[in-house]
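Note that ligands are numbered from 1 as they come in the structure, with each ligand's atoms numbered from 1 the same way.
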Amino acid sequence: MKITTIVISVIITISLLGAAILLSRESANSPNNTAADAGNLSLIDGQQIITINAKGGYSPKFTAAKAGVPTTLKINTQNTFDCSSALTIPSLGYQNYLPPSGETLINLPSQQAGTSLRGLCSMGMYNFTVNFN
Ligand SMILES: [Cu+2]
């Protein structure tokens, strides 16, 4: 009798924990999956700053940015030892190894509306896109 009670309560505890972990993962992931995440844009003294995190890929993958504004891409790395640290932006002729941890600033001239900028890891496995409008 006692053992059965213990087993049942352990099973209930484990399934509750599992549900809690699943829920917290989903809420942590969803901001990165939105098509246009405005949370990574800021405008400082007329300079548009787009922040992209590089680690196991790039996030956010899609950014809707403003056209006609001088822009800086700020790429953050934090213990990034995967290939997303080998960044290429073909349209800029940019190719660089990002530091394992730190900020890399890439200045862009103001972009025309309708322009989209794509960044890729060296192997083309991970990518991000910034659309200017
Ligand atoms: Cu890669």
Side-chain angles (χ1 to χ4, degrees):
M1 230 1 198
K2 242 190 172 179
I3 288 174
T4 329
T5 317
I6 291 171
V7 167
I8 288 172
S9 60
V10 164
I11 288 171
I12 290 173
T13 312
I14 288 173
S15 52
L16 281 176
L17 273 176
I21 289 169
L22 276 179
L23 280 176
S24 63
R25 273 203 188 156
E26 279 194 8
S27 58
N29 282 340
S30 52
N32 294 341
N33 296 336
T34 51
D37 187 282
N40 66 327
L41 279 189
S42 57
L43 203 66
I44 299 169
D45 293 332
Q47 184 83 9
Q48 172 171 238
I49 310 215
I50 301 168
T51 305
I52 308 276
N53 296 309
K55 185 172 180 167
Y58 303 102
S59 74
K61 274 193 78 164
F62 296 96
T63 302
K66 272 190 185 148
V69 186
T71 299
T72 299
L73 267 181
K74 186 168 103 180
I75 316 288
N76 285 333
T77 44
Q78 194 170 26
N79 297 316
T80 303
F81 296 104
D82 57 83
C83 63
S84 54
S85 65
L87 175 64
T88 333
I89 304 176
S91 63
L92 301 176
Y94 180 91
Q95 204 162 5
N96 195 14
Y97 287 99
L98 309 173
S101 293
E103 279 181 10
T104 302
L105 301 177
I106 304 163
N107 289 315
L108 317 174
S110 68
Q111 303 285 304
Q112 284 191 331
T115 307
S116 78
L117 193 104
R118 219 163 118 86
L120 303 154
C121 72
S122 54
M123 305 183 312
M125 173 172 71
Y126 298 127
N127 62 73
F128 66 86
T129 305
V130 182
N131 293 315
F132 292 89
N133 275 299

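The ring-ring contact (aromatic ring centres under 6.0 Å, His included) search around F132 returns none, not counting sequence neighbours.
Every pair passing side-chain hydrogen bond (donor to acceptor under 3.5 Å, both in side chains) that includes a residue from residues 99-109 is listed here, sequence neighbours excluded: T72-N107. Contacts classified as side-chain hydrogen bond (donor to acceptor under 3.5 Å, both in side chains) and involving residues 82-100 (residues at least two apart or in different chains) are given here: D82-S84, Y94-N96.
Here the protein contributes C83 SG, C121 SG as N, O or S atoms under 2.8 Å from the Cu ion (ligand 1).
In the hydrophobic clustering of ILVMFWY residues, with side-chain heavy atoms under 4.5 Å counting as a link, L120 and F81 come out apart.
Atom CD of Q47 is surrounded by more than 12 heavy atoms from other residues, nucleotides or ligands within 6.0 Å.
The only member of L87, I89, L105 that meets side-chain contact (heavy atoms from CB on, under 4.5 Å) when paired with L73 is I89.
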